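Okay, so here's the structure we're looking at.
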Amino acid sequence: MDKTYSPELFEREIYNNWLEKGYFGSKPDNRKSYTIVMPPCNVTGKAHIGHALDNTIQDILIRTKRMQGVNALWVPGTDHAAIATEQVLVKDLKRNGLSKESIGREEFLKRGWDWYGKYTHVICDQLKMLGISCDWSRLAFTMDENLNQAVRHVFCEYYKNGLIYKGKRVVNYCPSCKTTISDNENVHVDQNTYLWYIRYPFADGSGEVVVATTRPETLFGDTAVAVNPNDKRFKGQVGKDLILPLVNKKIKLIADDYCEIGFGTGAVKITPAHDPNDYEVGFRHNLEIINCIDDNGLLTDAAGEFKGLDRIEARKAIEEALEKGGYLIKKEKYKNQVGTCERCGSFTEPRISTQWFVKMKDLAKPAIEAVKNGDLKFHPKRYEKTYLNWLENIQDWCISRQIWLGHRIPVYTCENGHTFASEEERPKKCPHCGNTYLTQDNDVLDTWFSSALWPFSTLGYPNQTEDLKYYYPTSTLVTGYDIITFWVSKMVFSGIKFMGEVPFKDVVIHGIVRDKHGIKMSKHLGNGIDPIDMIEKYGADALRLSLVNGMSMGTDVKYDEDKAKDAKIFINKLYNASKFVIQNIADINIKPLNKLELQEKDKWILNELDLLIKNVTKNIEKYTIGVATSNLIEFTVSKFCDWYIELTKVDLYGEDKDRKGVAQNVLYYVLDALLKLFHPFIPLVTEYIYQNLPQHEETIMLTKYPKKLNLKDLTNNFADIIELIKSIRNARAEFNVPDNKRTSLYIKLEGEDAEISKNLQEIAKLAYGTTAQIVNKEPQEKCVKIICKNAVVYIPMGELVDSNKEKERLEKEIESVKFEIQRSKKMLSNEGFVAKAPAALIEKEREKLAVNTQTLEKLTEQLKNV
RNA sequence: GGAAGCUUAGCUCAGCUGGGAGAGCAUCUGCCUUACAAGCAGGAGGUCAUAGGUUCGAUCCCUAUAGCUUCCACCA
């Protein structure tokens with residue numbers, strides 16, 4: 001092994017070897033299955049740090065299960081991300097002076113496929129750098145033939161069941177992406193704008209109604225003004241005609257509950273074509289619908305002289321015109337929220353159009369039930385509220401998109417006007433009349449339509465395959481809270497509807513990786529951290545550990561490069577400890593632990609290891625992965641390295657062959673178990689080290705996961721010896737004795753010898769002693785005296801012992817012991833405490849009081865003699 | 001407007017069903033001790049947001065307040 005940890009020297013090679021050997025593959029067999037389907041990554045561009053977190057968590061779960069002997073399958077996949085990809089392609093065409101329309105649908109789709117073909121491996125290669133163990137032979141793509149089949153099948157099922165309908169609705173439209181987007185993709189942002197107060201005169205000249213609006217440009221689409229039916233101010237005026245300013249057209253003053261009495265001027269203009277509420281009002285009052293904004297976000301003919309102006313830019317011109325005509329009363333500053341397109345950021349336009357919808361009410365019901373009856377569990381639990389809240393207030397799902405890439409809606413119309421859905425990719429004739437001239441619907445499906453089927457479409461659905469039978473329902477879904485409503489909920493109702501069962505049992509929700517100031521990483525701000533950079537600088541294992549260590553599931557992670565650096569420093573520590581062990585067990589004679597004469601320290605570390613195994617296993621099961629890594633790191637540094645390794649040096653470098661053998665075997669055993677426990681988190685370095693052990697299997701990733709030791713008696717008092725050593729170190733530090741100055745150590749035993757006499761070498765080594773020896777009485781030399789449990793330690797520090805200083809030290813100690821005694825007495829004299837606290841607690845307190853009283857006596861005695 | 005979460009050491013955060021406040025980083029002191037100076041040993045640093053309540057006992061449970069964050073929502 002090299003002197004320092006250099007991940008770049010072995011990470012790639014180890015991963016490629018795993019791939020070659022096919023260790024990641026899974027086939028149905030007679031074992032229990034554990035399955036995860038990877039949230040499909042967009043084929044656009046690069047892996048970001050969120051992918052790294054998401055996949056690290058999944059890999060940890062999969063690797064653990066695999067080692068625990070379960071048949072673990074992790075299905076990787078990619079998503080066609082239609083809108084985003086289409087944008088890229090369109091831009092590319094534009095650069096070459098072309099457009100979608102000019103090359104035609106077929107050619108455009110061909111280019112789409114070329115693009116996917118070219119970039120799929122880019123994202124996959126990046127994921128591979130993370131060391132993740134998904135079954136690459138099953139790599140799925142949302143536009144694979146089998147998945148297309150699933151999409152068409154599901155669509156037709158919905159269609160047959162009357163769950164899909166085509167209807168007019170106000171939907172969010174992005175004039176820049178030129179497509180409808182879902183409510184989820186419509187991001188509300190705060191906006192500083194104005195409220196324009198506009199005068200609408202009555203046609204008969206009997207006065208006016210003042211309307212306040214944030215969108216004067218939609219004035220051309222107004223077909224009424226509404227007031228609340230109970231608003232006394234407008235009594236007797238409802239039903240009269242108003243003149244629409246600038247257009248000089250008559251519109252009616254109507255009464256509708258939608259209009260609130262206390263708000264604004266009490267009157268609101270109604271623009272059915274450009275506002276969902278207004279549409280409803282318009283529907284109730286049978287109002288005309290006038291579109292005044294077109295597909296490109298420009299004003300239409302309805303705007304007369306303003307035709308062709310951009311919807312936002314038009315405001316100024318309209319304002320001037322209103323002003324000139326005497327219609328504008330005032331303009332005041334106003335803060336409101338406005339919808340923007342998640343992808344391009346432009347203001348979305350509520351727009352009335354014909355779209356395809358899925359009826360959600362009945363589908364949502366069992367999905368709600370699944371969480372309520374515990375078939376589906378969220379971790380952490382609080383996220384089930386997000387899920388339920390959304391499903392309980394569900395709106396019908398608009399599934400059509402006006403783009404070309406993606407799954408085209410499988411609905412056809414024949415020449416005779418018959419419309420039908422077909423599972424066949426190219427149906428030959430109309431099932432109603434046999435007509436063979438068929439045209440297909442132009443829209444494609446929302447990408448989430450195919451992602452919703454992911455847990456079963458990737459396993460073969462709609463074909464009833466072996467895989468589907470064996471692996472479905474999957475076990476755990478790991479994803480961020482940002483797509484609970486987008487995706488998780490859709491998979492759940494789809495799974496229940498088409499497979500009759502929830503698609504997974506546990507949903508593990510993690511947070512978002514933010515920059516160190518807590519701001520969301522984005523290209524726009526340039527505050528993103530590239531996971532590939534981190535891997536190149538610190539190694540994949542360090543990146544993984546840094547993302548997951550100390551993380552609390554479901555909470556956002558603030559991340560900066562220092563975390564990767566720290567993780568690398570820790571791994572270096574593990575690496576060096578391993579190197580030490582490996583170097584010192586070259587001549588090991590491996591024996592089972594129960595054949596060894598274990599000493600106190602050996603029992604101590606084995607006991608600690610048992611505890612570690614228990615905690616790590618439990619925390620992985622609970623999905624509290626950040627706690628599991630903390631357990632592991634704490635054990636490695638504070639137990640194994642700081643104490644056990646140092647302690648074994650006495651035996652490894654000593655004369656006693658037997659003791660050396662015991663130390664070698666325990667070191668080997670602990671390191672072996674520790675590497676296995678660490679493997680799911682930092683797979684590459686653990687494999688590398690494991691291969692250097694004197695005895696090992698072909699790969700660590702297929703070894704058995706450590707279990708609690710089955711040794712009879714591991715009880716020990718070694719903690720007392722550690723305390724004794726610490727006391728000596730403390731005293732030395734207090735007298736400013738540098739670590740390189742060693743002294744003799746005299747130990748007078750008091751009461752029971754808690755193995756102290758058997759650990760004198762260890763005590764000397766770790767407490768900076770030249771020697772440590774048992775004495776019967778206080779030495780003649782001038783010493784610092786340290787009171788410990790079962791012993792008094794005398795440290796001859798010669799001229800360094802300053803009696804004033806020693807006095808000071810003792811006084812300080814007496815002070816603190818007195819404080820403790822006070823505290824115990826107070827508690828024990830509290831009647832309520834004695835009466836109601838648990839007995840064990842009271843007993844513990846009494847014992848403490850007794851010990852401290854004794855210590856106080858000894859210290860006082862000592863102070864007298866200084 | 002509805003909902004959820006957060007507020008603990010200088011920074012980032014842990015703290016299980018209430019029973020003496022923890023880690024990492026940063027900082028200070030001493031040490032290159034043959035795995036590791038990317039290290040070792042020791043120390044300093046907290047009215048656990050505020051005010052009430054329940055309890056023998058509250059960082060933890062309840063109520064209110066303040067500040068921050070996020071999600072959902074059609075208020076001109």
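Every chain is numbered from 1, with letters handed out A, B, ... down the list of sequences. Since we're looking at a predicted model, the values are computed, not measured.
Remark: C1' of A76(B) and OH of Tyr194(A) are 18 Å apart, rounded to the nearest angstrom. Look at NZ on Lys558(A): it is 9 Å from C1' on C13(B), rounded to the nearest Å. Between the C1' atom of C74(B) and the CD1 atom of Ile270(A) lies a distance of 12 Å, rounded to the nearest Å. One can place CE of Met553(A) at 16 Å from C1' of C13(B), the figure rounded to the nearest angstrom.
Evaluation of atom-type donor-acceptor distances gives a pair under 3.5 Å for the side chain of Arg823(A) against the base of G20(B). You won't find any donor-acceptor pair under 3.5 Å spanning the side chain of Lys826(A) and the base of G57(B), going by distance alone. Side-chain to base pairing of Gln395(A) with A73(B): no donor and acceptor N or O lie closer than 3.5 Å to each other.
Between Asn549(A) and G24(B) there is no side-chain polar atom (N or O) within less than 4.0 angstrom of OP1 or OP2. Applying the 4.0 Å criterion to OP1 and OP2 of C40(B), one finds that Lys573(A) has a side-chain N or O inside that range.
Checked against the 6.0 Å centroid criterion, the rings of Phe640(A) and Phe678(A) do not qualify as a close aromatic pair.
Asn277(A) comes within 4.0 angstrom of a nucleotide base, judged by non-hydrogen atoms across all strands.
The cationic group of Lys331(A) lies under 6.0 Å from the six-membered ring centre of Tyr194(A) and within 45° of the ring axis, placing it in a cation-pi geometry.
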Between protein and nucleotides 27-30 of chain B, what N or O pairs are separated by less than 3.5 Å?
{"unit_1": "G30(B)", "atom_1": "N2", "unit_2": "Asp739(A)", "atom_2": "OD2", "d": "2.8"}

Between protein and nucleic acid, restricted to nucleotides 68-71 of chain B and to nitrogen or oxygen atoms under 3.5 Å apart, what atom pairs and distances do you find?
none

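A parallel orientation is assigned to the rings of Tyr688(A) and Tyr575(A), their planes being inclined by less than 30° (bins at 30° and 60°).
Considering all non-hydrogen atoms of both residues, Ile49(A) and Ile529(A) come closest at CB-O, 3.8 Å.
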In dot-bracket form, 5' to 3', how is RNA chain B paired? Count Watson-Crick and G-U wobble pairs only if both distances fall under 3.5 Å, and write | where the partner sits on another strand.
(((((((..((((.....[..)))).(((((.......))))).....(((((..]....))))))))))))....
